[in-house]
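Below is one structure, written out as structure tokens; comments come after it.
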Amino acid sequence: MARRKKPIIPDDVLDQVLAGRVVRTMSDADALLGDMKKALAERLLNAELDHHLDGETVAGRPNCRNGYGQKTVLTDAGRVRLDIPRDRAGTFDPQLIARYRRRFPGFDDRVISMYARGMSVREIQGHLLEIYGMEASPDLISVITDAVLDEVAAWQNRPLEVVYPVVFFDALRVKIRDEGMVRNKAVHIALGIRVDGTKEILGLWIEQNEGAKFWLRVMNELRHRGVEDILLAVVDGLKGFPDAIRAVFPEALVQTCIVHLLRHSLDFVAWKDRKSVATALKDIYRAVDAETGKTALAAFAESPWGRKYAMIVQSWERAWEEVIPFYAFPADVRKLVYTTNAIEALNAKLRRAVRARGHFPNDDAALKLLFLALNRAEKEWIMPPREWSMAKAQFAILFGDRFARATV
């Protein structure tokens with residue numbers, strides 16, 4: 001027979017707490033927890049004042065208690081009205097709830113958590129009113145979430161690793177109000193893979209117009225934050241991007257993301273033909289080497305699909321110099337570079353967070369939400385990709401001393 005688990009709080013203590021109280025529903029339990037939180041907070045505040053008064057003198061006279069003042073504070077469980085002890089000299093500033101604060105830290109964390117999950121300010125306001133019976137103005141919620149911007153600034157300027165074996169650069173589009181108009185702006189993300197296979201978001205940038213100057217600024221920013229070398233940069237074929245990377249990291253191997261190239265190719269294809277065309281393109285990116293891949297591309301160009309959709313051939317030929325590095329890798333490394341599961345899964349999380357918003361009032365509002373969503377995603381990354389053990393051995397051979405620097 002299983003033994004009864006020992007309770008965290010002894011039954012006799014609970015009996016004392018419940019004396020004279022009837023708890024039949026969770027609402028009754030929440031009310032009881034609110035009273036307990038109030039009682040515990042007031043006890044801690046009185047203990048703080050006792051410690052503050054111990055031996056304190058003002059103008060040669062000992063400081064002493066001077067009654068109580070009342071303050072209503074917001075907690076993660078609702079509003080609590082506290083009796084705050086005062087001292088005669090007015091020098092007491094409690095640590096539990098500072099003199100001019102009206103919110104316990106847990107309340108801010110709860111609001112930020114809801115914001116990170118894609119809830120709008122109005123939705124958070126309605127949720128707090130419905131669940132906790134508290135009214136929080138949109139301005140208060142904005143003030144709480146604006147505090148995240150300081151974290152964003154610190155995060156965006158933090159030092160980075162000296163060498164990253166792989167960095168994925170990708171972008172998604174969000175609607176942001178700018179100069180009275182709602183515009184589509186690109187949110188660019190750099191996802192690095194460290195030498196141990198773990199992932200790290202290197203940065204987040206919002207820009208309406210992409211070009212060589214913008215990418216050069218991003219690369220220089222990474223350089224100033226401590227990155228000295230990128231072994232393999234996987235990009236989505238944006239104009240001017242490879243040149244900007246090589247201008248700052250001249251030894252970097254730039255690889256076009258095969259997934260993006262395939263998607264771009266299928267944009268030219270009628271829906272009923274997509275499956276057949278996608279199957280025909282497999283011979284190109286599954287080729288043994290670059291020469292065989294080039295032969296397969298030529299064969300596709302002469303095929304009925306190639307003649308029907310000549311733009312596909314042209315797009316592959318324009319990107320061919322950035323496709324070639326792909327063929328130097330064995331199957332396991334190709335899978336890591338080709339599928340880009342990490343960046344695709346990350347983008348899916350960001351799109352879910354953005355979808356409910358419609359559009360953002362400004363860049364900062366978008367930056368806050370995306371940073372919080374990225375922060376949540378990073379906490380889930382505890383294991384390197386399955387292909388990394390094989391990829392690591394291949395990188396050590398292909399890049400030699402450059403890869404060895406990352407392991408020091």
Side-chain angles (χ1 to χ4, degrees), residues 151-171 187-205 207 212-236 238 240-257 322 325-326 328-330 332-338 340-343 345-346 370-371 374-375 377-408:
E151 293 183 47
V152 174
W155 174 79
Q156 192 76 348
N157 291 286
R158 75 195 189 282
L160 299 174
E161 301 283 334
V162 174
V163 178
Y164 285 93
V166 185
V167 178
F168 297 100
F169 294 96
D170 203 4
V187 179
H188 302 280
I189 303 163
L191 172 64
I193 297 184
R194 304 187 189 97
V195 69
D196 61 357
T198 56
K199 293 170 286 188
E200 177 186 6
I201 304 295
L202 308 188
L204 184 68
W205 301 270
E207 188 78 8
K213 290 183 179 179
F214 166 72
W215 292 119
L216 187 62
R217 176 168 63 83
V218 170
M219 294 302 112
N220 280 321
E221 181 181 318
L222 295 178
R223 167 73 77 174
H224 292 152
R225 290 167 60 194
V227 180
E228 296 181 7
D229 196 6
I230 295 173
L231 305 186
L232 178 65
V234 183
V235 302
D236 58 1
L238 294 173
F241 204 172
D243 292 337
I245 294 173
R246 295 190 186 101
V248 180
F249 303 104
E251 295 185 274
L253 197 61
V254 181
Q255 169 68 53
T256 290
C257 176
E322 279 73 49
F326 178 77
F329 300 114
D332 288 319
V333 182
R334 285 191 189 187
K335 188 175 181 181
L336 177 71
V337 175
Y338 160 67
T340 60
N341 283 336
I343 198 76
L346 183 63
L370 294 169
F371 167 75
L374 289 172
N375 199 25
E378 278 195 311
K379 292 177 181 177
E380 300 173 4
W381 295 339
I382 55 177
M383 296 291 289
R386 287 176 297 178
E387 303 84 9
W388 184 248
S389 58
M390 176 64 73
K392 184 176 179 179
Q394 295 291 332
F395 271 76
I397 295 171
L398 291 170
F399 296 100
D401 293 340
R402 292 172 62 202
F403 183 79
R405 287 184 62 202
T407 61
V408 176

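None of the values given here were measured: they were computed from a predicted structure.
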Measuring from [X]:[atom1] to [Y]:[atom2], what's the distance to the nearest 0.5 Å?
X: Lys392; Y: Asp196; atom1: NZ; atom2: CG; answer: 7.0 Å
X: Leu370; Y: Ile189; atom1: CG; atom2: CD1; answer: 7.0 Å
X: Leu231; Y: Ile193; atom1: CG; atom2: CD1; answer: 11.5 Å

Which atom names give the shortest non-hydrogen contact between [X] and [Y], and what distance separates them?
X: Ala233; Y: Phe169; value: CB-CE1, 4.1 Å
X: Arg158; Y: Leu202; value: NH1-O, 3.7 Å
X: Gln156; Y: Leu204; value: NE2-O, 2.7 Å
X: Ile201; Y: Trp155; value: CG2-CZ2, 3.5 Å
X: Val254; Y: Pro242; value: CG1-CB, 3.9 Å
X: Leu216; Y: Ala244; value: N-CB, 3.7 Å

Taking only residues two or more places apart in sequence or in another chain, which ones pass side chain to side chain contact (heavy atoms under 4.5 Å, CB included) with Asn157?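 Side chain to side chain contact (heavy atoms under 4.5 Å, CB included) list for Asn157, sorted by chain: empty.
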| task | Describe, in one word, how the ring planes of His188 and Trp215 are oriented to each other, choosing from parallel (under 30°), tilted (30 to 60°) and perpendicular (over 60°). | result |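 Answer is perpendicular, since the angle exceeds 60°.
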Check your understanding: Ignoring hydrogens and geometry, is there a side-chain-to-backbone donor-acceptor pair from Asn375 to Phe371 under 3.5 Å?
Key ->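 Flag not set: sc Asn375 to bb Phe371 has no pair under 3.5 Å.
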Can you check whether Leu222's main-chain N or O pairs, donor with acceptor, with Arg225's side chain at less than 3.5 Å?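 No; zero donor-acceptor contacts below 3.5 Å.
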> When you look at Phe403 and Ile397, which way does the side-chain contact (heavy atoms from CB on, under 4.5 Å) test go after all the steps?
Replying inline: CA-CA 9 Å; Phe403 183 79; Ile397 295 171; over 6 Å; no
>> Does Ile245 form a side-chain contact (heavy atoms from CB on, under 4.5 Å) with Ile230? I'd like the steps, not just the answer.
In response: CA-CA 9 Å; Ile245 294 173; Ile230 295 173; 5.6 Å; no
Can you confirm whether Phe395 sits close enough to Leu232 that some side-chain heavy atom of one is under 4.5 Å from a side-chain heavy atom of the other?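 Counting from C-beta outward, Phe395 and Leu232 do come under 4.5 Å.
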Counting only pairs under 3.5 Å, give me each side-chain donor-acceptor contact of residues 161-168, with atom names and distances, residues two or more places apart or in other chains.
from: Tyr164; atom 1: OH; to: Glu161; atom 2: N; distance (Å): 3.0
from: Tyr164; atom 1: OH; to: Glu200; atom 2: OE1; distance (Å): 2.8

- Query: What pairs with Arg223 under salt bridge (charged side-chain N to carboxylate O under 4.0 Å, His left out), at least two apart in sequence or on another chain?
  - Reply: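 Salt bridge (charged side-chain N to carboxylate O under 4.0 Å, His left out) check on Arg223 returns nothing, list empty.
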